[in-house]
Novice: 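After the structure tokens below, expect a handful of questions from me.
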Amino acid sequence: NEVWKYIPVEGQPGTWVNLKVFSGPARAGGIAITNGEHIYFGTGYRTFNANDWWEYLPASDSWSQRKNMPDNGRENSVSLTINNRFFISTGRHFGGNMTGGEVKSDILEYDVVRNVWYERGNIPASGRENAIAFTLNGKGYIGFGENNTEILNDLWSFEP
């Protein structure tokens, strides 16, 4: 649950600064997202799936809990910021050693102003975890990763 900030120095090695410890429980496979002003973090796994969602406020070096994600949590998902809108997609809801859980294909949007989540659809292909995501020219791209049976090599475009 440690949080670090990297301060680059042109032409020299940068410096790492230890920030205030994350207020929620430590976890693996969580996701972070930012638009340069707001930083959000959540989901992941720590003996159970987490669906909590937190905002980090750099000006005060403080954390505040926001509305939980509308599902039972996930790990190994991706995040996208498109035109100052925040999206979370894919990942695995771990169902335990007996079931292996389910891989997700959904796209969720977090509305900062209303502190609410919206379901915005699904990737047309199968669910996945360990995918990649990036934003280019106002579009989000999600692809690759793996599902329960294969490694995936497709790439999908998303325009909100």
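Sequential numbering from 1 along the given sequence is applied to the chain's residues.
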Novice: Checking side chain to side chain donor-acceptor pair (under 3.5 Å) against D52, which of K67, R27, Q65 comes through?
Specialist: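 Only one of K67, R27, Q65 forms a side chain to side chain donor-acceptor pair (under 3.5 Å) with D52, namely R27.
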
Novice: Do the side chain of N76 and the main chain of N130 share a donor and acceptor less than 3.5 angstrom apart?
Specialist: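 It does not hold such a pair.
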
Novice: Verify, without hydrogens or angle tests, whether N122 (side chain) and P124 (backbone) share a donor-acceptor contact under 3.5 angstrom.
Specialist: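 No: the side chain of N122 does not pair with the backbone of P124.
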
Novice: Please identify each residue that fulfils side-chain hydrogen bond (donor to acceptor under 3.5 Å, both in side chains) with N84, with sequence neighbours left out.
Specialist: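 By the side-chain hydrogen bond (donor to acceptor under 3.5 Å, both in side chains) rule, N84 matches N35.
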
Novice: What residues form a ring pair (Phe, Tyr, Trp, His ring centres under 6.0 Å) with W16, not counting sequence neighbours?
Specialist: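 Per chain and number, W16 pairs via ring pair (Phe, Tyr, Trp, His ring centres under 6.0 Å) with Y6.
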
Novice: Between E129, R92, R128, which is the residue that forms a side chain to side chain contact (heavy atoms under 4.5 Å, CB included) with N148?
Specialist: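 Per the side chain to side chain contact (heavy atoms under 4.5 Å, CB included) rule, the option paired with N148 is R92, out of E129, R92, R128.
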
Novice: Clusters formed by hydrophobic residues whose side-chain heavy atoms approach within less than 4.5 Å: which one holds F87, and what are its other members?
Specialist: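 Other cluster members: V78, L80, I82, I107, I123, I142, W156, F158.
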
Novice: Could you list the residues that satisfy ring pair (Phe, Tyr, Trp, His ring centres under 6.0 Å) with F48, not counting sequence neighbours?
Specialist: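 By the ring pair (Phe, Tyr, Trp, His ring centres under 6.0 Å) rule, F48 matches no residue at all.
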
Novice: Quick one, I88 and Y110 - any side-chain contact, counting heavy atoms below 4.5 Å?
Specialist: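 No, their side chains stay 4.5 Å or more apart.
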
Novice: Considering only Ile, Leu, Val, Met, Phe, Trp and Tyr, and joining two whenever side-chain heavy atoms are under 4.5 Å apart, list the other residues clustered with V113.
Specialist: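 Besides V113, the hydrophobic cluster comprises nothing; the residue is isolated.
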
Novice: Sequence neighbours left out, what passes side chain to side chain contact (heavy atoms under 4.5 Å, CB included) with F144? Give chain and number order.
Specialist: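 Counting only residues at least two positions away or on another chain, F144 forms a side chain to side chain contact (heavy atoms under 4.5 Å, CB included) with I132, N153, L155.
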
Novice: Does the pair I31 and I33 meet the rule for a side chain to side chain contact (heavy atoms under 4.5 Å, CB included), with working shown?
Specialist: CA-CA 7 Å; I31 194 78; I33 190 169; 5.8 Å; no

Novice: Tell me, with the steps shown, if K5 and D61 meet side chain to side chain contact (heavy atoms under 4.5 Å, CB included).
Specialist: CA-CA 11 Å; K5 175 182 177 180; D61 190 22; over 6 Å; no

